[in-house]
Amino acid sequence: MASLDIARARADTPAAENLLHFNNAGASLMPLAVSATLHEYLRAEENFGGYETAEREAAALDNFYRQAARLFNCDTGEIAFMENATRAWDMVFYAVPIKPGDRILTTVSEYGSNVIAYRQRARRDGAEVVVVPDDRHGRIDTAALANLVDERVKLISLSHIPTGGGLVNPAAEVGKIARAAGVPFLLDSCQGAGQMPLDVRAIGCDALSGTGRKYLRGPRGTGFLYARREFAEQLEPPFLDTHAAQLVDGGGYQPLPGARRFENWEQNLAGKAALGAAMEYALGWGLGAIRDRVYKLAAQLRGELAKMDGVTVTDQGMEQCGIVTFTAEQKSPGVIKESLGRRAINISVVHRWGTPWSYANRGLGDVARASVHYYNTEGEVEGFISALEEALKD
Ligand SMILES: Cc1ncc(COP(=O)(O)O)c(C=O)c1O
């Protein structure tokens, strides 16, 4: 296992000195290289003007595409800069043609916003949304998925990692089934990007959406979309502007080639430059090494939580990632979060609407989510457990 220089990672993350930040699945802490890019870009806009800065900083903006292509093993033309993961996902989801009776196959651990979109397309377009059952680990049952694939299926859509648990769905196995059947595969890897290697060719997905602020450690209000070139070019985006498409004299318009047809003209360019820096920074550590350390810290945390009186770890999965969820008999997740917050410890509460089908099946309400990253330490896990013991007694 490659080891990371944690002292350097923490020196690059000054806030970690005073804060125990276990909310990396919410929004992680930006490292200095990323925040400096953001601040310097904004300063340049202040000094030179927004349009003028975009021209001066063309290389920093282009860096976003170059780093994303390295990160996901694709071409720069297959990447779009988006304002968040949901819109990135929506642009592909709503572009896939669906007529009454067509099927969308998805999984139990879907993200709440995706569930709303499935319901909307069911209501509006007559889509039949089929939720593939879980296997005994809570992952999508790939044998059941393979049995459900037939000519009615127009899309396989999967949350790689749910917002509300440590489970990692077997994306590459799903990709193999989708490829064999020739069915488009849309992967929401909002929680995977920056936490683990994601090679879109190896996974076999046609599109992958994600956000900047979580495991990638980029700024808020940034996201991205990978869309395989040939797939993107078959799709008519639900919205187009004069950046995404060109007006043609005499009538008509022509969407841009590749993934750029999904972009807006107006963008958070400081965020775009900073997200490029965040991707470059993550690649500098190595995504395999990041994953190994994140998984190890999360396993330590789960092990310690499981020993505590009244505490139940609610994560499913065979492979479990950096998201650790739990409930406690003594206190509600909201009270635990507040109480830890007073001790300079950040976690978040996942409401049952975050992962609605899975939580309903398991009879779960809100849960506490402590999500670790590679710059966190074994000592912080111990400190967290001691603080939680106190918080449960408050
Ligand atoms: C699995 C999953 N998908 C999508 C999203 C939405 O991301 P964004 O808020 O950037 O749109 C989240 C956010 O928590 C998520 O966990």
Side-chain angles (χ1 to χ4, degrees), residues 22-28 30 68 80-94 106-118 131 138-140 157-171 174 185-196 198 203 205 207-226 262-264 267-268 271-272 274-275 278-279 294 298 314-317 319-325 333 337 346-359 366-373:
F22 280 4
N23 194 13
N24 295 289
S28 188
M30 277 187 276
F81 177 71
M82 310 296 293
E83 63 263 48
N84 60 20
T86 304
R87 280 296 170 270
W89 185 91
D90 284 343
M91 286 302 256
V92 168
F93 179 72
Y94 284 99
T106 185
T107 186
V108 178
S109 50
E110 280 299 288
Y111 183 59
S113 298
N114 302 358
V115 170
I116 292 172
Y118 298 139
V131 181
R139 313 176 313 161
I140 186 169
S157 171
L158 184 79
S159 288
H160 191 190
I161 296 170
T163 211
L167 156 78
V168 181
N169 268 309
V174 173
F185 173 25
L186 169 59
L187 183 64
D188 168 353
S189 198
C190 190
Q191 296 291 1
Q195 184 177 179
M196 60 190 60
L198 290 176
I203 291 171
C205 56
L208 181 148
S209 55
T211 208
R213 70 183 183 281
K214 297 179 187 285
Y215 277 93
L216 276 169
R217 309 185 66 192
R220 295 200 66 172
T222 63
F224 62 86
L225 174 69
Y226 154 77
F262 297 108
E263 288 188 340
N264 283 330
Q267 300 178 1
N268 168 6
K272 185 178 196 174
L275 181 54
M279 289 172 164
V294 169
T314 51
D315 296 323
Q316 296 177 296
E319 176 182 342
Q320 292 185 315
C321 70
I323 297 180
V324 179
T325 57
K337 174 181 174 295
N346 295 343
I347 64 161
S348 59
V349 175
V350 183
H351 300 286
R352 67 190 174 94
W353 295 130
T355 316
W357 290 331
S358 170
Y359 277 33
D366 297 349
V367 306
R369 181 179 70 184
S371 45
V372 296
H373 216 327

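Whatever order the structure lists ligands and atoms in, that order sets their numbers, starting from 1.
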Only heavy atoms of [X], strictly under 4.0 Å: list the atoms of ligand 1 that pass.
X: Ala85; result: 7 (O), 8 (P), 10 (O), 11 (O)
X: Gln191; result: 14 (O), 16 (O)
X: Thr211; result: 10 (O)

**Prompt:** Parallel under 30°, tilted from 30 to 60°, perpendicular over 60°: which one fits the rings of Trp357 and Tyr118?
**Reply:** parallel
If you define the side chain from C-beta out and look only at heavy atoms, does anything of [X] sit under 4.5 Å from [Y]?
X: Ile140; Y: Val174; answer: yes
X: Ile161; Y: Met196; answer: yes
X: Phe22; Y: Val324; answer: no

Quick one: does ligand 1 sit under 4.0 Å from the side chain of [X], the backbone, both or neither, non-hydrogen atoms only?
X: Ile161; value: backbone
X: Asp188; value: side chain
X: Arg213; value: side chain

**Message:** With side chain to side chain donor-acceptor pair (under 3.5 Å) as the criterion, how do Asn169 and Thr107 come out once you've worked through the C-alpha distance, each side chain's angles and the decisive distance to 0.1 Å?
**Reply:** CA-CA 9 Å; Asn169 268 309; Thr107 186; 4.5 Å; no
**Asked** Has ligand 1 got any nitrogen or oxygen that is less than 3.5 angstrom from a nitrogen or oxygen of Cys190?
**Response** no
**Asked** Under 3.5 Å between some N or O of ligand 1 and some N or O of Arg87?
**Response** no
**Asked** Are Asn114 and Ser157 close enough that a side-chain donor and a side-chain acceptor fall under 3.5 Å?
**Response** no
**Prompt:** Does a donor on one side chain sit under 3.5 Å from an acceptor on the other, for Ser371 and Arg369?
**Reply:** no
**Message:** Against ligand 1, does Lys214 come closer than 4.0 Å with any heavy atom?
**Reply:** yes
**Message:** Measuring from non-hydrogen atoms of His160 to any atom of ligand 1, is the shortest distance under 4.0 Å?
**Reply:** no
**Request:** Give the residue, atom name and distance (to 0.1 Å) of the protein heavy atom nearest atom 11 (O) of ligand 1.
**Result:** Thr86 OG1, 2.5 Å
**Asked** Between Thr355, Thr163, Asp366, Asp315, which is the residue that forms a side-chain hydrogen bond (donor to acceptor under 3.5 Å, both in side chains) with Thr325?
**Response** Asp315
